[in-house]
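What's counted below: heavy atoms across the whole structure, side chains too, no hydrogens, waters or symmetry copies. Quick note: residue numbers are just sequence positions, from 1.
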Amino acid sequence: WNTQNGSGLNRGILFFHLTFKVLRLAKAHRHRCHSRPHAHTRPHNTRAAAQAFSRCICACLRCCDCNQHSQPAMGCLRGIGHWFEVRGYDLDNIFAYETFKIVRVRDFRLGCLELLFKIGILLYLIVYGVIIRQGYLRKEQISTGSVFAAARAPSANASLSAEQLPYCCTTADLAACDAQNLFPCSFWDAKQAQFPIFLDSSMALTTRVTTHIEAATPATCTFEDWPATCSWEPETEETTAYVANAEDFSILLRHGVRGQEIDRRGSNSGEAQLMSGKLIQPSTGDVLREWPSSTRTLDVDQGDTRPGDIVFVRELLQAADVDLDDLPSASDRTFRYEGVIIVVYIEYQMTGGGTRLKYEYQPRKLSDSEFKIEEPFQFLDGGSLRRYVLNRHEIRFLFVATGEIGEFDFLVLMTTLVTGLALLAVAGTVTNLVMSKILTMKYVYNLHRYEVTEDFSSFREMDAKTLKSITEKAESKFQRGNSTSLLVANDPEGKGQGQTVFELDTDVKAQDV
């Protein structure tokens, strides 16, 4: 068994021989145990075999005292450390653990200040980072959605007259009316006012129309025969009219959205994933309308089973801070005359802990932009080809789906918490700044906080032999685990005046140093 002076080959042969013996003994012991009744209820036999195997392995490697039956593992660890030590390796030095030294400042003011900072950071993390910002959701940015919009003319048109509308011209002096941005009014229905009918995620309502008739020249030009010599020539003068009560038209909005990677979807028209919504005035944050609502609009249900959101053009213009009778900054004509583009952002957000969707309509005016479109249609008049041209100036609503959808994700929650907890270090940084730079006793705090070394200029002035001797002694003490080779000792009387004390065990005299 004594293989301390043996070769590595002999030690390996002995190890495998011993292992083979132990396996045979264990097999024989297992056979005896199975031959006894209820042998499986005696776990101490297995434990004894394991301890015997551990002792034998340790004895083979000569790495521990095998008589330590109670703690064979710790005995082996000490033996391994001894085996490396006799070969010149100090495991305690190689695998030394380095940590920070903490100064405990016994001043309740600093402790309360740091505590307040930490409480503030935790409240910010929980209230803002987790609850408000929904830091527990894995989110997906919404890039597109489906929007359907249809207009309906105001029912009050049947009982109104042009004299009741301030922007309508009711006299025969059209030139005088033109100078005041007044024009005759036409009471159009939705099919006349909404053009074009099908627009992708948008709709347009006419506010002012200029019309004239053009004739095909020469008169022999037809639909089927239109040579290069044919052209259109104006036949009548242009006439201009406003569409009465354009702001009182109502719009039925149906929209829906779903995620590409996250299986979340919602709609604002009678589905299982029905969403709640609001109409917001972005400039003030005021809520102008809410859905679902117990109030019926135009005798249409606006509750949980609504067919869509019914909103008036006037409400969308109010939310966008637009009055059709105001003047754009770059024109002397009103928005009713020029037309305007309103971008309606439909912002989706998760609610109910990431289980349901809600949305907000946020209309915004596109700065100083007019919108117009020409609509020609041809007809035959006494065998001659003519066309009617409508130059429409309109309110165009562009519906843009935006926002985020998400679902609960534990990893995202942990990332939010860990990132926020890193801010707790700011509390200590600010407290240290206040302690060492602002408070009256800052110098007293700094004496405890900082450990000042000796002035190394005296070392640079030494001769090479003396400096080498001191360096070698310092290196020896450092390797032995004592890094305090040179100390700065405070005055015993506590006056804060320090003197350099050299504690190197050298042959150099103090006066020489």
Side-chain angles (χ1 to χ4, degrees), residues 149-157 159-170 174 176-196 199 202-211 239-253 279-284 286 288-289 298 310-345 361-375 390-399:
R152 178 179 175 180
S155 58
N157 279 358
S159 59
L160 284 178
S161 62
E163 288 77 7
Q164 297 173 276
L165 301 175
Y167 48 83
C168 293
C169 178
T170 57
L174 298 181
C177 290
D178 189 2
Q180 305 175 44
N181 281 323
L182 302 179
F183 293 93
C185 290
S186 297
F187 291 84
W188 282 10
D189 62 14
K191 292 182 179 179
Q192 292 172 298
Q194 184 178 354
F195 180 83
L199 287 177
S202 67
M203 72 167 298
L205 284 174
T206 304
T207 59
R208 191 258 296 184
V209 60
T210 300
T211 62
T239 60
T240 300
Y242 285 138
V243 176
N245 282 338
E247 55 265 69
D248 288 330
F249 276 69
S250 59
I251 301 175
L252 174 64
L253 288 175
L279 173 61
I280 304 294
Q281 187 172 5
S283 61
T284 62
D286 295 338
L288 304 183
R289 290 281 301 278
L298 299 178
I310 295 179
V311 60
F312 291 96
V313 174
R314 184 183 301 276
E315 294 173 333
L316 294 176
L317 294 176
Q318 178 186 351
D321 299 319
V322 173
D323 188 334
L324 290 181
D325 295 319
D326 287 342
L327 298 176
S329 59
S331 176
D332 57 353
R333 294 290 191 175
T334 62
F335 288 111
R336 190 183 303 274
Y337 183 91
E338 298 286 359
V340 65
I341 298 177
I342 306 294
V343 182
V344 182
Y345 294 97
Y361 296 117
Q362 299 180 7
R364 289 180 171 87
K365 180 189 69 173
L366 206 60
S367 299
D368 298 331
S369 57
E370 67 175 47
F371 180 74
K372 71 174 185 177
I373 186 171
E374 288 191 348
E375 178 193 7
L390 285 76
N391 185 2
R392 297 172 177 262
H393 288 252
E394 302 180 322
I395 308 171
R396 185 180 185 187
F397 295 103
L398 297 174
F399 300 98

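- Heavy-atom minimum distance, E394 versus A193: OE2-O, 4.1 Å.
- D323 has no carboxylate O lying under 4.0 Å from a charged side-chain N of R336, or vice versa, which leaves the two without a salt bridge.
- Heavy-atom neighbours of K365 NZ from other residues, nucleotides or ligands within 6.0 Å: above the threshold of 12.
- A heavy-atom distance below 4.5 Å is found between the side chains of D325 and Y167.
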Item to check | side chain to side chain donor-acceptor pair (under 3.5 Å) evaluation trace for S283 with D321 | outcome: CA-CA 8 Å; S283 61; D321 299 319; 2.8 Å; yes

Next on the checklist: Evaluate Y361 against V311 for side-chain contact (heavy atoms from CB on, under 4.5 Å), listing each step before the verdict.
Outcome noted: CA-CA 10 Å; Y361 296 117; V311 60; over 6 Å; no

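- Sulfur-to-sulfur, C169 and C177 sit under 2.5 Å apart at their SG atoms.
- Two residues are said to be in side-chain contact when any heavy atoms from C-beta on lie closer than 4.5 Å; L317 and I342 meet this criterion.
- Heavy atoms only, all atoms of each residue included: P363 and I280 are closest at CD-O, 3.5 Å.
- The shortest non-hydrogen separation linking Q318 to L288 is NE2-CD2, 4.0 Å.
- Residues L253 and F399 are in side-chain contact: their nearest non-hydrogen atoms beyond the backbone lie under 4.5 Å apart.
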Next on the checklist: Let's go through L327 and T334 carefully: what are the C-alpha distance in whole Å and the side-chain angles of both, what is the deciding distance for side-chain contact (heavy atoms from CB on, under 4.5 Å) to 0.1 Å, and is it a yes or a no?
Outcome noted: CA-CA 4 Å; L327 298 176; T334 62; 3.7 Å; yes

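- Residues F195 and L390 fail the side-chain proximity criterion, which asks for heavy atoms closer than 4.5 Å.
- Panel note: side chain S186, backbone W188; no donor-acceptor pair is recorded below 3.5 Å.
- You'll find the side chain of I310 reaches within 4.5 Å of the side chain of L252, heavy atoms only.
- Annotation for D248 and P154: closest pair O-CB, 3.6 Å, computed over non-hydrogen atoms.
- The closest side-chain heavy-atom distance from I395 to F371 is not below 4.5 Å.
- With contacts defined as side-chain heavy-atom distances shorter than 4.5 Å, the pair I251/L316 qualifies.
- Here the closest heavy-atom approach between residue E338 and residue E370 is recorded as OE1-OE1, 2.6 Å.
- Put simply, the side chain of H393 never gets that close to the backbone of K372: no donor and acceptor are under 3.5 Å apart.
- Side-chain contact between L165 and Y242 is absent, with no heavy atoms from C-beta onward closer than 4.5 Å.
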